[in-house]
Amino acid sequence: MTLKTLLSAAAALAITAGVGQAQTVGFSQIGSESGWRAAETTLTKQQAEERGIDLRFSDAQQRQENQIAAIRSFVAQGVDAILLAPVVATGWDSVLEEAKEAEIPVVLLDRQVDSPDDLYLTAVGSDLVHEGKVAGEWLANTVKGEDCRVVELQGTTGSSPAIDRKTGFEQGIEGHDNIEIVRSQTGDFTRAQGKEVMESFLQAENGGQDICALYAHNDDMAVGAIQAIKEAGLQPGEDILVVSIDAVPDIFKAMAAGEANATVELTPNMAGPAFDALEAYWKDGTVPPKFIQTDSKLYTPADDPQGEYESRKDLGY
Ligand code: GZL
């Protein structure tokens, strides 16, 4: 056990005994591009407060350079751990090496990085490929043998959810030659860009008459696209099926109105498992598994969407 770990364990013991400083954690958050992201931030701050952790928060406005600067600042402050929700999967080796050099554990939240896994303590997130596969399988089961031209709104280019959710959806529709992805473009996980790109899809596809379904990598882009479909004079959820991921309140609102058909849940509470792992690590050096997986669940109109909306609407989305 290194001196730093011994000191952390001693500090933790001191805190347990009711003396000494709270653990300080730097959180480099991507931004507030979606309702889901806002909920993750809200819950992380709540969890830190409940656990007596001094959380230092940085919003990167979806720019990797801002996240790298924030991590360097946390290292300079000598924080006890860093939470990182990495906007894209590449370009982290150098700054993660600096955190490792400073013996500051890094925990990844909700997205993955391509860096060697000895550069972070653990990653908390869902199986992003599985989420896409669940969405693809739902569509295949829904359209059965009918021809279905699909348009796809991808997440942020280069992010692990955009890469993996695309892969998973393609796995889900594999073998169903009646289903074809005819257009695919990033909407950067935002409502505004989801609407804008869907408008271009509708225009390019005979006013939307030739589109059977929309697959959006998150609900926020789907909600934006639903607006575009309605403005084109079509009925989302009927003329164009809508399947997406996150399970945010507004997709359940759309589902209750018959305007969305399926969503795959992603829990915004990534901080709970992350802080559990860190507290065990600080206490006695317990090393967590490299990946702590959160659940994914499919919701359709059969699952009381109004009730799901009510139960989620005040959770900070
Ligand atoms: C996925 C997460 C994604 C959400 C989006 O794990 O990183 O980022 O699905 C958010 O809503 O923008």
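All ligand and atom numbering here is 1-based and tracks the order in the structure. Residue numbers count from 1 along this sequence. Quantities reported herein were computed from a predicted structural model and do not represent experimental measurements.
Distances below 4.0 Å separate heavy atoms of L128 from the following atoms of ligand 1: 6 (O). Per-residue contacts place E33 under 4.0 angstrom from the following atoms of ligand 1 (heavy atoms of the residue considered): 8 (O), 10 (C), 12 (O). If you number the atoms of ligand 1 from 1 as listed, the ones under 4.0 Å from a heavy atom of W36 come out as 11 (O). Annotation for ligand 1: atoms under 4.0 Å from non-hydrogen atoms of F189 are 5 (C), 12 (O). Within the listing of ligand 1, atoms 2 (C), 3 (C), 7 (O), 8 (O), 10 (C) sit less than 4.0 angstrom from a heavy atom of R37.
Looking at Q171 and T167, their side chains never bring a donor and an acceptor atom within 3.5 Å of each other. Side-chain contact check for E152 and H217: at least one donor-acceptor pair (N or O, by modelled atom type) lies under 3.5 Å. Looking only at atom types and distance, the side chain of E50 has no donor-acceptor partner in the side chain of Q46 under 3.5 Å away. D114 and T90 form no side-chain donor-acceptor contact under 3.5 Å, judged by distance and modelled atom types alone.
Considering every non-hydrogen atom in both L83 and A274, the closest pair reads CD2-CB, 4.1 Å.
Looking at E131, E170, H130, Q154 one by one, the single match for side-chain hydrogen bond (donor to acceptor under 3.5 Å, both in side chains) with R165 turns out to be E131.
Cation-pi geometry between R312 and Y299 is met: the NZ or CZ atom falls under 6.0 Å from the ring centre, inside 45° of the normal.
Not a single heavy atom of D219 sits under 4.0 Å from any atom of ligand 1. The closest approach between a heavy atom of R165 and any atom of ligand 1 is below 4.0 Å. Residue contacts with ligand 1 include L266, since one or more of its heavy atoms lies under 4.0 Å from the ligand.
Using a 30° and 60° split on the angle between ring planes, Y215 and F169 fall in the parallel class, below 30°.
Among all non-hydrogen protein atoms, the one lying nearest atom 7 (O) of ligand 1 is D110 OD1, 2.5 Å.
Annotation: H217 places no N or O atom under 3.5 Å from an N or O atom of ligand 1; distance criterion only.
Taking all heavy atoms of V87, D246, D220, I30 into account, the minimum distance to atom 4 (C) of ligand 1 is reached by D246.
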